[in-house]
Amino acid sequence: VSMNNHGMMVCVSILHARLFFDEQEIKLLADRAISLLKNIVEFIIPNNYYAKENTIAYHNFYIRDLTRACHQLAQLF
């Protein structure tokens, strides 16, 4: 998975796909997606909080989509 917004969208899409997998499969996939999301965020927004993406629009993109992903995770678990 790419360590950028594209990788983040792949991970979030796994959370969206939970309806198409049985409980055991989605647990494994969701655990992996969550782990990857954490790594992507730590890579994209390091300790100095300077986002590594190209434009300021990505800052809003990450905040918006990660907030949605958090709400989806709350429903999953």
Side-chain angles (χ1 to χ4, degrees):
V1 172
S2 301
M3 297 297 281
N4 57 25
N5 62 313
H6 298 273
M8 186 188 78
M9 288 185 286
V10 168
C11 293
V12 171
S13 70
I14 291 169
L15 300 176
H16 285 293
R18 69 184 182 272
L19 298 173
F20 301 102
F21 295 96
D22 67 38
E23 191 173 324
Q24 185 176 1
E25 286 177 310
I26 197 58
K27 174 78 171 109
L28 293 172
L29 290 170
D31 286 348
R32 181 70 176 135
I34 291 164
S35 176
L36 288 167
L37 279 171
K38 288 178 184 177
N39 290 337
I40 291 168
V41 170
E42 288 173 0
F43 177 77
I44 294 298
I45 305 171
N47 290 336
N48 66 6
Y49 303 108
Y50 180 78
K52 294 181 181 181
E53 291 283 4
N54 296 329
T55 66
I56 196 71
Y58 281 110
H59 297 212
N60 183 50
F61 173 81
Y62 277 102
I63 292 168
R64 185 190 66 229
D65 280 30
L66 289 173
T67 300
R68 286 180 189 159
C70 287
H71 289 295
Q72 291 168 354
L73 287 171
Q75 292 174 359
L76 261 181
F77 302 102

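Side chains are part of it too, since the values below use all heavy atoms of this structure and drop only hydrogens, waters and symmetry mates. Nothing here was measured: the structure is a model prediction, and the numbers come from that model.
- Contacts of E42 classified as side chain to side chain contact (heavy atoms under 4.5 Å, CB included), with partners at least two apart in sequence or in another chain: N39.
- Closest heavy-atom contact between G7 and V1: CA-CG1, 3.2 Å.
- Scanning for side chain to side chain contact (heavy atoms under 4.5 Å, CB included) contacts around F43 gives M3, K52, with sequence neighbours left out.
- The salt bridge (charged side-chain N to carboxylate O under 4.0 Å, His left out) analysis of residues 3-13, with sequence neighbours excluded, yields no pairs.
- I26 contributes atom CD1, which lies 7.5 Å from atom CD1 of I14 (distance to the nearest 0.5 angstrom).
- Each of L36, L37, I44 was scored for a side-chain contact (heavy atoms from CB on, under 4.5 Å) with M8, with one residue passing: L37.
- In terms of the side chain to side chain contact (heavy atoms under 4.5 Å, CB included) criterion, residue partners of T67 (sequence neighbours excluded) are, by chain and number, I63, H71.
- Applying the side chain to side chain contact (heavy atoms under 4.5 Å, CB included) test to N47 and every residue at least two apart in sequence or in another chain returns nothing.
- Taking the side chain as every heavy atom from C-beta outward, V12 and R68 never approach each other to under 4.5 Å.
- Screening residues 2-11 for side chain to side chain donor-acceptor pair (under 3.5 Å), with sequence neighbours left out, gives no hits.
- Contacts of R32 classified as salt bridge (Lys or Arg N to Asp or Glu O under 4.0 Å), with partners at least two apart in sequence or in another chain: none.
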